[in-house]
Amino acid sequence: MALLLIVLLPVLGALFTGAFAGNNARLNSLIAMLAPLVSLALALSLLPAILQGELVLAHWQWLPRLDLALSLRMDGLAMLFALLIIAMGLLVLLYGHFYFSGKPKDNQRFNGLLLLFMTAMLGIVTSENLLLMLVFWEMTSLVSFLLIGFKADQRAARRGARMTLVITGGGGLALLAGMVLIGQIIGSYQLSDVLASGDQIRQHSHYPLILLLVLLGAMTKSAQFPFHFWLPHAMTAPTPVSAYLHSATMVKAGIFLLARFHPVLAETDLWLYSVSTVGMATLLTGAFVAMFKHDIKGLLAYSTISHLGLITLLLGMGTRMGLIVGLFHLLNHAMFKAPLFMMAGIVEKATGSRDMQLINGLWRYMPYLMVLTGICAAAMAGLPLLNGFLSKKMFFAETLQSPFTGVLGWLTPTLAAVAGLLSVAYSVRIFHNVFFNGLPRDLPVFPPRPPARGILIPVTVLTLACIVVGLVPQYVVHTLLQQAAHAALGAPLPAYNLGLLHRFNLPFLMSALALTGGLVMYLYRRQLFAIYDRMPEVDAKENFEWLMLRAGNFAERQVHRLENGSLQRYGALLVATCLVLAGSALTGLTTWGGGVTTPADPVTVLAAVILMAAAVAAVVIHRQRLLALLLIGTCGLFVTLLFARFSAPDLALTQLSVEVMAVIIMMLALSFLPQTSPRESSSLRRLRDLILAVATGSGVAVLAYTVMTRPAQSISGFFLDNSLTGGGGSNVVNVILVDFRGFDTLGEITVLAIAAMAVFALTRNLQLKERVTRESGSYWASEPHPVILRMIARPVLPVALMVAGYIFLRGHNLPGGGFIAGLVASVALSLQYMAGGLVWAHQRMLTAFRPLIGAGLLLALATGLGSLAFGAPFLSSWFNHYHLPLLGEVELATALLFDLGVFMTVVGATLLILANLGNLMTLDGPGKEIG
Amino acid sequence: MDTLPLLPVIIPLLCAALMTFCYNAPLALQRVMGMASVALLLGVALLMATQLPGQDHLLYMLGGWQPPFGIVLVVDRLSVLMLVLTAVLAGFCLVYASRGHDREGAHFHTLVQFQLVGINGAFVTGDLFNLFVFFELLLIASYALLLQGGGAARGRAGLHYVVLNLIGSAFFVVAIGLLYGVTGTLNMADMALRIAAAPAADQPLINAASLLLLAVFGVKAALLPLLFWLPRAYIAASAPVAALFAIMTKVGIYAMLRVFALVFGLQEGLAATLAWQWLWPLALATLTLGAIGVLGAANLRGITAYLVIVSVGTLLAALSLGSEAAVAAALFYLVHSTLLTAAFFLFADLIGRQRGEALDSLRVTAAMSQRKPLGILFFFGAIALVGLPPFSGFVSKLWLLQVTADTPAQGAFWLLVLLAGFIILIALSRAGSKLFWRQPEQSADGPPADPVRLGVVAGMLLCSVALVLLGDPLMDFTEAAARTLLAPADYIAAVQTLAIDPLGGGLTE
């Protein structure tokens with residue numbers, strides 16, 4: 001529980017600071033510091049046990065299926081980092097309080113985010129579960145994104161934030177893959193299991209891949225070459241953020257990862273060469289560039305990169321001592337780099353600038369800060385009696401004993417010495433340039449404002465730490481470091497003594513050489529600056545932005561090329577896909593025909609030929625729209641005839657009435673379009689379409705032929721047998737529609753209802769002004785309607801309605817039914833529209849079409865639901881025969897009610913569509929709603 | 001026989017019919033009716049979930065006609081999962097729409113209920129032709145919803161949508177005709193048995209039909225190269241409609257799973273079906289195109305539309321492995337991606353309302369009156385969508401990676417899924433930075449966001465948190481759903497209990 005609290009307290013603190021004390025900066029900071037203080041106390045309470053070499057574990061279930069558990073562990077390594085994270089966090093919070101003085105809102109936001117970040121970092125170092133570690137790992141990237149973008153109104157801050165997120169987030173994805181691979185190999189995501197399975201992983205064929213992925217994660221996070229470029233651009237963050245995230249903690253997460261996985265991944269040649277190469281490259285690049293940065297934070301950023309490279313190099317060499325030195329230097333780096341960043345912030349606030357070309361001679365204004373900076377810079381340079389000297393000397397010693405042989409054997413210490421030299425040079429520069437080097441020039445704020453006293457507290461504390469560790473390391477950090485290294489190695493440690501490090505030997509000589517060389521280099525800095533200025537400048541952020549922009553544009557072009565808004569193309573793709581898919585399957589077809597054929601008589605053949613000719617003709621002359629429509633009507637008519645020929649009178653009747661309605665509606669639609677349409681397709685495209693059409697048509701024909709000539713075996717026999725006895729009707733088609741598969745019919749009339757409602761919704765506010773003004777008077781509303789049509793239409797109506805009624809009633813036993821009857825009634829009513837016009841017709845009929853549709857649906861539904869009341873399933877039918885005097889035998893069936901619902905829906909829907917389309921053409925356009 | 005399986009279809013249909021009948025009922029009443037219907041649907045779906053531990057399939061014989069002659073409804077865990085998801089999503093969309101979007105066109109609430117009839121019907125039916133009917137129903141309803149509000153862009157996108165889908169429907173009928181011709185039945189359980197027993201000479205025809213069905217469902221699911229109707233339709237649709245459409249691609253995926261696992265996968269399993277062989281490369285291509293589209297999109301709606309495509313690609317790629325674990329993980333991802341992409345369509349609208357003419361465009365700098373609350377929401381939503389911890393995106397992606405480990409698909413799947421995640425990270429961080437950080441000099445003084453709308457988006461994002469915190473029961477459920485789905489013999493046995501004669505054999509010649 002204590003473990004969980006250590007991790008979670010900061011985030012609780014963040015919630016508290018967010019909830020309370022919005023404008024009271026002091027209270028806010030107090031609350032913010034309280035949480036980590038408790039965390040620190042808890043961590044310290046565990047310290048004795050950890051120093052004894054104990055391992056503290058805590059475990060809660062989370063998502064057991066994924067092996068994602070809330071398991072935490074505290075060992076030496078975790079403790080080292082946890083103490084570093086909490087202590088540095090406290091100091092930075094204190095620093096931030098003064099840094100943001102006068103801006104309580106900013107202070108509050110900073111406190112909240114910093115605490116959130118602290119939890120994430122603590123989570124990484126104390127995770128016992130690899131996946132949990134990943135959760136916290138990505139959290140640090142995300143919070144860092146927000147912190148770098150703290151001053152979001154600045155373009156540089158936005159870009160820096162995004163770049164960091166993309167690099168570290170991308171690394172996180174690689175790490176995710178690496179972790180899952182590890183889990184896949186050993187079957188567990190618990191760190192204890194993983195650490196015990198080093199050999200298994202190193203011998204696995206996936207080892208190089210895992211190493212690559214984990215390294216990608218670590219290298220991006222710890223700003224290692226070639227991913228180092230995000231760190232300088234993260235300096236747009238407020239200085240307290242840089243001090244915490246980008247020198248003391250987040251960038252060390254990658255190092256932590258390397259240390260943590262040392263027993264699993266290290267001690268192979270692959271590890272040795274890849275990690276130390278990266279480390280060396282980073283060390284040199286960072287150290288070299290740092291010297292030439294005029295921005296104080298820029299210099300510090302590159303120096304941080306170089307120190308991170310140094311630590312990586314130490315870990316990469318894979319020796320046990322190397323690991324100890326690496327951890328030691330990591331600790332020291334935090335101690336001297338954070339106060340330097342803090343100094344940069346103080347100077348910036350005091351002078352309004354961070355440019356070392358302007359900032360000179362500040363010793364007159366801030367003598368105390370000068371002393372502190374001097375000590376920290378000396379530690380960074382590696383001057384004796386300070387902590388940096390110790391770890392750097394040990395580093396030199398390690399390079400002398402590196403596992404490399406041959407050229408690499410002497411190249412490594414040489415390069416290390418060069419890097420040491422460079423680091424001395426930039427350390428001297430940051431101290432001398434800022435506080436001496438003549439007088440300040442053109443500072444935005446002059447004379448510099450003296451810093452608040454409180455802001456110097458954290459700087460002082462850290463500087464003292466540098467001295468204490470430098471003087472008596474064996475009492476201060478020795479045991480913890482030993483336990484940390486022990487935990488990281490999982491193996492016994494070599495003997496060493498931090499107290500003896502001040503003695504003279506070869507590494508000492510290297511240190512001395514580096515010191516002198518660095519001083520000399522600084523003395524000749526002007527010449528070096530001149531050379532550096534002539535080198536081509538590489539702005540990583542610009543390049544990154546350029547790359548992102550190019551990627552974006554490329555993506556946009558590709559998308560536009562594919563998704564070009566051409567319906568013809570999309571349609572062709574769809575048809576071609578079906579063709580390829582079905583065609584690939586049909587290649588296996590051995591025989592086409594199944595042997596069952598119906599002999600063809602001449603009349604049928606003739607009808608089929610006409611049908612095909614009409615279809616082809618419709619395609620050929622489709623630009624003359626009216627003619628094409630007539631030909632389509634012809635097709636429909638011949639299909640009707642074919643239905644009739646093959647004894648399907650119901651289908652024929654339905655097809656006929658559907659054809660009539662469809663042609664009427666399409667005629668209406670055609671009146672909105674020009675008579676002919678221009679030829680728009682290229683001949684190539686028409687060839688493509690021709691091929692597709694012919695192939696698809698033949699394909700469907702082949703399928704139809706193949707299927708229909710096979711001996712049929714189907715459920716239809718059941719319908720024939722049960723239609724009368726079970727469904728109460730002798731017209732099987734109708735009984736299927738209203739009974740056996742009444743549910744389908746219910747769905748289909750719903751489709752019709754929706755279509756009508758859709759047409760209504762679509763035309764309600766549609767304005768087709770152009771057409772109305774251009775050709776006003778030539779259509780329905782104003783044209784005097786032909787007298788003959790009017791005279792015929794009126795007497796036809798009652799007759800047609802009677803026919804509809806007849807068809808409806810007989811439907812259950814003879815060809816007919818609600819659907820056909822509805823269409824017939826609609827045709828009769830629409831004839832009135834055509835004959836008399838919209839206004840005339842509406843004066844004489846009820847136009848409540850929507851209620852009619854609704855009522856039809858409700859009736860059909862109610863019929864179905866009624867059966868529930870009798871304990872039968874939905875849509876169960878009931879029928880009985882009664883013998884009435886005069887009328888003879890009468891059948892009453894619930895199916896008739898259902899069919900009535902169908903009838904009402906069909907009439908309502910068709911008329912709603914027709915009336916609203918027609919309404920569009922009136923002179924007034926859409927006015928009063930119809931239906 | 002328990003009527004529960006029927007209710008997901010009947011409740012919205014009754015509601016829609018009533019609304020059609022009282023077409024001029026006050027909008028307030030329509031809103032209440034719509035939400036009541038959705039609440040009932042959720043209740044019914046959850047009730048069915050509680051009944052499932054006892055039996056794997058809930059059945060309903062319409063009209064009392066035994067299978068294979070009548071239509072049966074079959075509800076298993078997969079259906080329940082989809083029903084619950086649909087109801088939750090529809091609830092959010094209705095609340096959001098009730099703040100004004102439902103005034104933009106006629107009969108918004110009626111059409112939404114019709115749409116739900118179609119979607120739910122597709123999830124519960126056990127009959128192939130009935131599935132076609134419900135596909136038509138949801139197609140025409142979604143077309144009407146897409147056009148809500150009018151305008152040229154909607155008209156054009158709608159035309160593309162409806163024409164392509166109608167072509168798809170035509171092929172659907174061809175495929176059903178083929179299958180009926182060969183097997184003589186429409187009941188899916190019966191058809192599965194008959195296909196398993198079909199002579200070798202019929203196999204090419206059955207294969208052709210199955211691949212046609214793959215294309216048909218592919219149009220709905222937005223599988224490359226059949227997905228081009230999607231981006232513009234989703235961008236053009238009004239926000240709550242686009243959000244509701246997030247479930248539409250999943251209907252296509254559901255249909256694939258159901259039909260191929262049951263009808264064609266009875267003998268050798270889902271993974272061995274011919275369609276599933278095609279699915280893998282197509283899904284990966286879809287995923288790739290989606291990621292490229294996300295990077296190239298010019299506004300937040302565009303990004304979200306392509307995110308839908310990415311999610312479809314990811315889902316189908318995982319499903320194409322066909323193993324129980326893969327299907328379970330994919331179903332979990334399905335829930336996550338549906339809710340999140342829907343939330344982002346609403347969110348794009350919420351943002352657009354504050355930016356005046358600029359809407360949600362990423363090319364234009366515009367002031368926003370409520371940068372902070374929206375920015376925070378966006379940040380969390382984006383984390384969830386990218387798949388970064390600690391939200392549902394991470395968990396579902398993690399699960400997908402784990403179940404694909406140790407399969408031949410691992411390399412390609414991991415590479416593409418992680419790369420897509422990386423690209424989405426780039427795109428969303430850029431979008432967030434442009435929308436919320438880059439602000440013009442003058443600040444906006446527009447009205448603050450409607451608290452209800454804001455609440456809806458926040459609520460949907462909270463679902464993402466809930467999926468992580470309470471993910472385990474849902475994971476249990478998707479695993480059980482995958483198990484039942486991949487045991488078609490059990491499905492058939494359950495349908496068999498209703499039949500008089502043995503399915504697949506007892507024919508009347």
Just so I understand: if I count every heavy-atom pair under 4.5 Å between each of A:L857, A:D744, A:D153, A:V751 and chain B, which residue has the most?
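Maximum pair count with chain B is reached by A:D744.
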If you count heavy-atom pairs under 4.5 Å with chain B, which of A:V559, A:L858, A:L875 comes out on top?
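Between A:V559, A:L858, A:L875, the count favours A:L858.
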Tell me, for [X] versus chain B, whether the close heavy atoms (under 4.5 Å) come from the side chain, the backbone, both or neither.
X: A:S584; answer: side chain
X: A:N564; answer: backbone
X: A:L579; answer: neither
X: A:M548; answer: both
X: A:L181; answer: both

Criterion ring-ring contact (aromatic ring centres under 6.0 Å, His included) on B:F129 and A:F743, from CA distance to verdict
CA-CA 11 Å; B:F129 188 80; A:F743 198 55; over 10 Å; no
Which pair of heavy atoms, one from A:G149 and one from B:W437, lies closest together, and at what distance?
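Where A:G149 meets B:W437 most closely, the heavy atoms are CA-CH2, 3.6 Å.
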Between B:K434 and chain A, which part of the residue has a heavy atom less than 4.5 Å away: side chain, backbone, both or neither?
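No part of it gets close to chain A.
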B:D127 versus chain A, heavy atoms under 4.5 Å apart: side chain, backbone, both or neither?
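Just its side chain gets close to chain A.
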With side-chain contact (heavy atoms from CB on, under 4.5 Å) as the test, would you mind laying out the steps for B:Y143 and A:I754 before giving the verdict?
CA-CA 10 Å; B:Y143 176 53; A:I754 303 170; over 6 Å; no
Going from CD on A:Q558 to CG on B:L289, what distance comes out if it is rounded to the nearest 0.5 angstrom?
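Nearest 0.5 Å value for the CD-CG distance: 9.5 Å.
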Are the ring centres of A:W137 and B:F394 closer than 6.0 Å?
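No, they do not, as the ring centres are separated by 6.0 Å or more.
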